[in-house]
Amino acid sequence: MVIVALILVLAIALLLRLGRASDAILQENYLSTLAAENMINDIERQDSGVLLILLDFKELGIKELHESEVGFLQWLGRAKDNITVPGEREVVEAIEKHYTAYLQDVSQLRLTREMDRDHAVALYHDQILPRFRTIRDTCIQLRTLNHEAMYTASRQARHLAGQAVLFISLIGGAAILVGMTFSLLLSRLISRPVTELKNAVSHLAEGDYSVHVPVHGGGELRLLAEAFNDMAEKLKHFHNMNIDQMLAEKRKSEAIIRSVDDGLVVVDEKLLITNLNPKATAIFQVDPEDALGKHVLEVVRDESIFQGLKAALESGQPPHLTDEENVLPVPKDDGDQLFQVAILPMRSRAGVIPGAVLVLRDITRMKELERLKSEFVMTASHELRTPLTSIGMSVGMLMESAAAKLTDQERELLGVCHEEVNRLKTLVNDLLDLSKIEAGRLEISLEPVTPAFLSLQASTMIKPQAEAGGIALTVEVPEDLPEVLADPNKIVWVLVNLLANAVRYTPSGGHVRLLGERVGDAVHMKVQDDGPGVPREMQSRIFDKFVRLDQGEASGGSGLGLAISKEIIRAHRGGIWLESEPGRGSTFTFTLPLAGRV
Amino acid sequence: MGAPRILIVDDERNIRLTLKAVLDAIGLEADAVFQGEEALQKLAEKTYAVMILDLRLPGMDGLTVLRRAAERLSETKVIIITAYGTVEAVVEAMKLGAVDFLQKPFEPTEVREIVGRVLAISEGGPTAFTYENYLDLAGKSIAEKKFSAAFVYAHKAIFIDQHRPEAFNILGGLYEIRDQRKEAVTHYQVARKIDGAYAPAQQNLERATGKPYSKVGIVWG
């Protein structure tokens with residue numbers, strides 16, 4: 001564009017110079033004019049010379065005549081050389097012709113003057129003066145002609161120049177306009193596809209997979225646009241596929257969350273609720289729309305759950321909830337509804353997702369059933385006491401007074417009655433204990449304690465029994481085993497129970513060992529005997545209630561010791577199991593968590 | 001006066017029957033009724049050395065009978081029968097004047113032993129049921145691992161004399177057995193407060209408040 005403007009300026013300058021060139025042509029007109037001017041002057045001087053001769057100033061007149069004649073002819077020659085205007089030639093030729101005649105007339109006059117002055121005057125008057133006038137007028141005509149030509153030429157030149165400037169300006173302007181338009185169009189033509197591509201890429205980056213770049217022109221840009229469209233198309237395809245899949249998965253998981261009968265509340269790392277299912281909204285009596293995005297405490301007004309969620313988010317581990325914290329009572333019209341609380345940090349295969357899930361399981365009915373069961377067991381154990389008393393008393397009396405009158409077999413039968421009554425009595429008492437434990441009255445107070453301490457306590461209590469039975473009791477629990485988190489009394493009870501069983505079932509001369517070892521984050525306590533072992537068919541049921549080994553002599557146990565032991569170990573979050581091979585003894589093992597690992 | 005008479009108050013016919021049989025066997029004459037009102041009536045009619053009273057009765061219950069018969073308790077010693085595993089009701093009955101108790105299911109020997117003991121102590125007069133008596137009974141029960149019986153006797157002893165440390169100490173130990181550590185510590189503290197020089201309470205207190213806590217090694221005194 002700048003170049004175009006420059007060209008234009010140059011063109012205008014050239015035009016102006018052209019104007020000046022036309023002035024040069026005018027110069028020639030001016031020469032003609034000058035010639036005419038001088039010729040007029042000279043002819044007048046010649047006329048004056050003639051008049052001087054006539055007035056007898058011959059010398060002066062002749063000098064004047066000669067000088068002016070020379071001047072005139074000189075200028076005439078110049079005029080003849082410089083014919084530019086149409087008609088000028090004729091005028092110059094007329095001047096020449098008249099002047100030639102004039103010169104002849106003047107010569108004649110000079111001759112005549114010598115002879116006849118009057119005749120000469122008459123000649124002047126009749127011939128020379130009119131000729132003089134004609135020449136002068138013709139010269140004036142030449143001058144005027146050239147003047148006019150000059151004027152016309154100058155006017156025309158100026159007009160033309162003006163017009164030219166105008167035209168050039170117009171054309172230049174138009175050219176600039178056209179040029180600008182073209183350049184714009186041209187640049188657009190090149191840059192537009194690139195801009196479009198750029199915009200399309202940003203759209204794509206923002207996730208708008210429906211973008212399409214118009215393909216125009218040819219060459220690399222076309223190829224690029226086509227390749228881009230191709231790519232966008234494929235991306236869209238993949239994206240849609242993923243979206244469909246994700247939507248399907250999302251709907252599926254939402255359906256699952258909705259259909260789960262447990263209350264589910266999902267919170268993010270700031271403890272704001274991100275999801276909750278209809279059951280949860282029913283539990284907390286909130287509007288699902290309202291609850292979303294709220295802080296969990298605004299909906300779940302329970303401090304221990306809040307603390308649990310916080311702990312789960314911080315540690316990425318499910319928090320340890322005590323039995324009391326584990327149950328959330330929600331007041332309802334017909335008494336409290338009870339929910340078992342589970343807090344789970346969210347995990348995926350890729351790792352931990354910041355957030356946690358609160359699961360609330362309705363255990364109202366279960367608890368009620370449990371309560372009814374415990375109540376039933378308790379009532380039963382109370383109610384059984386009266387008939388047991390009557391039977392026991394009767395059997396006792398019979399054994400005292402009637403035994404002598406009976407046969408051996410009858411006495412034996414009476415003995416069976418007595419034995420079984422005693423067993424029933426123990427059973428009734430143990431049942432009561434168990435119902436107390438199951439009713440949640442098993443209070444566990446955990447404290448750090450060394451396994452060696454627990455072993456010593458238990459072995460001290462069982463030693464007399466072992467000695468009485470002729471059984472060797474050895475304790476092999478290292479003093480330096482780390483502390484475990486346990487309720488010492490309960491664990492001592494379990495140990496005593498296991499040791500008592502071992503002593504009870506091991507024949508005289510046998511060996512009972514109490515062992516302890518660290519395994520990972522726990523301590524394993526083992527009670528090992530070399531007695532007859534537990535039959536395989538019994539092993540899986542050994543920790544069930546009322547399961548007793550039927551081995552000859554009455555053991556006197558109720559079959560609840562192991563069941564209670566299992567409850568106690570469970571309350572410690574440990575495990576208890578049996579390894580036994582019939583004929584080669586049994587090993588009971590239970591685990592206790594290390595105190596350092598809380 | 002002939003042999004001491006016993007009054008049996010129980011709504012269960014078989015219990016009445018067997019109790020009567022057991023007492024008969026040792027030459028004790030017994031009347032048996034099944035209601036509280038009837039029992040009060042019998043008490044008004046005759047003099048009984050011992051009344052064996054079931055706490056759970058239809059209509060008027062055992063505790064009410066005890067309260068109503070309060071003025072006769074100096075001549076008639078009351079032995080409670082309870083069918084419950086818990087002994088709190090028995091403790092209440094002991095405070096109302098009962099001197100001993102039988103917990104179902106009981107045996108003929110137990111009945112004879114307790115009745116015989118009550119009769120023997122009664123010989124010594126109305127004030128013969130002393131602090132020492134019950135302390136002794138509590139100690140014997142502990143030796144036989146009859147902790148609920150010991151619990152009742154210790155309570156009775158405290159009811160008789162609240163200014164001696166031994167029963168409080170024993171009760172503390174019994175609370176430990178029942179896994180009521182806080183209660184146990186409280187009782188040990190009371191015992192020590194009563195008598196700072198009483199060593200068993202001091203030892204028990206140290207152990208019960210120590211770490212790790214173990215109830216092995218209770219000093220009964």
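Contact of A/E383 with chain B is made through the side chain alone, with heavy-atom distances under 4.5 Å. Looking at B/A25, the atoms closer than 4.5 Å to chain A (heavy atoms on both sides) all sit in the side chain, from C-beta outward. Of the two parts of B/I81, neither the backbone nor the side chain holds a non-hydrogen atom closer than 4.5 Å to a non-hydrogen atom of chain A. Interface residue B/R56: only side-chain heavy atoms are found under 4.5 Å from chain A. Only the side chain of B/R112 comes within contact range of chain A, with at least one heavy atom under 4.5 Å from a heavy atom of that chain. Heavy atoms closer than 4.5 Å to chain B are found in the side chain of A/M461, but not in its backbone.
With B/Y198 as the aromatic partner, B/R192 does not meet the cation-pi criteria of under 6.0 angstrom to the ring centre and within 45 degrees of the ring axis.
Comparing A/L388, A/V449, A/T386 by heavy-atom pairs within less than 4.5 Å of chain B, the highest count is held by A/T386.
Using a 4.5 Å cut-off on side-chain heavy atoms (C-beta onward), A/P451 and A/V484 make contact. Side chains of A/L495 and A/V527 form a contact here, defined as non-hydrogen atoms less than 4.5 Å apart.
Residues B/E107 and A/K425 are paired through a salt bridge, judged by an N-O separation under 4.0 Å between the basic side chain and the carboxylate.
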*Test B/Y153 against B/N133 for side-chain hydrogen bond (donor to acceptor under 3.5 Å, both in side chains), laying out the working first.*
CA-CA 9 Å; B/Y153 295 137; B/N133 255 324; over 6 Å; no

*Derivation of the salt bridge (Lys or Arg N to Asp or Glu O under 4.0 Å) call for A/R371 and A/E375*: CA-CA 6 Å; A/R371 194 185 62 77; A/E375 218 172 74; 2.6 Å; yes

